[in-house]
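These notes concern the structure reproduced below.
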Amino acid sequence: MEIQVTLTTQVKAAVGEDVVSVVVDDGASVMDAIHKLATLHPEAFDRYVLTNGQLLPSILLSLNDNQVDSTAVLADGDQLLLLSAISGG
């Protein structure tokens with residue numbers, strides 16, 4: 001199944017795109033999709049999204065406009081948003 005993933009801030013800049021498609025297996029979780037994207041964009045995801053294979057606490061996840069955690073199960077056509085916190089003032 002295919003989902004759309006919207007990237008923001010540093011992740012978007014590092015990948016060079018704001019929306020990417022990813023194909024995952026039926027019954028895949030949000031984390032499965034993130035790991036799949038990490039194989040396609042390892043430098044960006046290792047720096048801004050994951051540490052030792054775990055989601056950084058600064059990353060918020062939204063699935064079809066609802067905040068979720070990484071265990072949420074995906075369906076074909078879902079829209080996932082990876083929102084990384086911005087600091088500073």
Side-chain angles (χ1 to χ4, degrees):
M1 68 183 167
E2 184 174 357
I3 65 163
Q4 300 295 312
V5 182
T6 301
L7 308 171
T8 61
T9 60
Q10 301 99 326
V11 182
K12 174 182 162 181
V15 170
E17 299 180 67
D18 58 346
V19 178
V20 294
S21 295
V22 64
V23 176
V24 294
D25 294 332
D26 288 345
S29 69
V30 167
M31 194 59 155
D32 293 330
I34 291 170
H35 283 295
K36 179 89 178 243
L37 285 168
T39 65
L40 301 172
H41 306 283
E43 188 174 309
F45 276 71
D46 287 346
R47 184 168 184 187
Y48 299 115
V49 180
L50 299 169
T51 183
N52 297 323
Q54 299 298 313
L55 195 64
L56 291 171
S58 60
I59 300 293
L60 298 176
L61 303 168
S62 174
L63 184 60
N64 302 322
D65 296 322
N66 295 299
Q67 189 170 348
V68 296
D69 65 27
S70 62
T71 63
V73 176
L74 299 167
D76 190 46
D78 275 350
Q79 304 267 330
L80 176 64
L81 169 68
L82 271 67
L83 182 62
S84 56
I86 300 173
S87 62

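We're numbering straight along the sequence, starting at 1.
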Legend entry - Spatial distance of atom NZ (K12) from atom CG (D18) [nearest 0.5 Å]: 5.0 Å
According to a 4.5 Å side-chain heavy-atom criterion applied to Ile, Leu, Val, Met, Phe, Trp and Tyr, with indirect links allowed, do [X] and [Y] form part of one hydrophobic cluster?
X	Y	result
V19	Y48	no
V20	M1	yes
I59	V22	yes

Inset, instruction - Carefully, step by step, assess V5 and I3 under the rule side chain to side chain contact (heavy atoms under 4.5 Å, CB included). - result: CA-CA 7 Å; V5 182; I3 65 163; 3.9 Å; yes
Inset, instruction - For Q67 and S62, test the side chains for any donor-to-acceptor distance below 3.5 angstrom and give the result as yes or no. - result: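 Note: Q67 and S62 side chains miss the donor-acceptor criterion.
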Ignoring hydrogens and angles, write down the donor-acceptor pairs under 3.5 Å from the side chains of residues 75-85, residues two or more places apart or on other chains.
from, atom 1, to, atom 2, distance (Å)
D76, OD1, E2, N, 2.8
D78, OD1, N64, ND2, 2.8
D78, OD2, A75, N, 2.7
S84, OG, T9, OG1, 2.3
S84, OG, Q10, OE1, 3.3

Legend entry - Worked check of side chain to side chain contact (heavy atoms under 4.5 Å, CB included) between L55 and V49: CA-CA 6 Å; L55 195 64; V49 180; 3.7 Å; yes
Inset, instruction - Kindly say whether T71 contributes a backbone atom to a donor-acceptor pair with the side chain of D69 at under 3.5 angstrom? - result: yes
Cut-off 3.5 Å, no hydrogens considered: what does the side-chain donor-acceptor table look like for residues 27-46, sequence neighbours left out?
from, atom 1, to, atom 2, distance (Å)
S29, OG, M31, N, 3.3
S29, OG, D32, N, 3.1
S29, OG, D32, OD2, 3.2
D32, OD2, S29, N, 2.8
H35, NE2, G53, O, 3.3
K36, NZ, V23, O, 2.8
T39, OG1, K36, O, 2.6

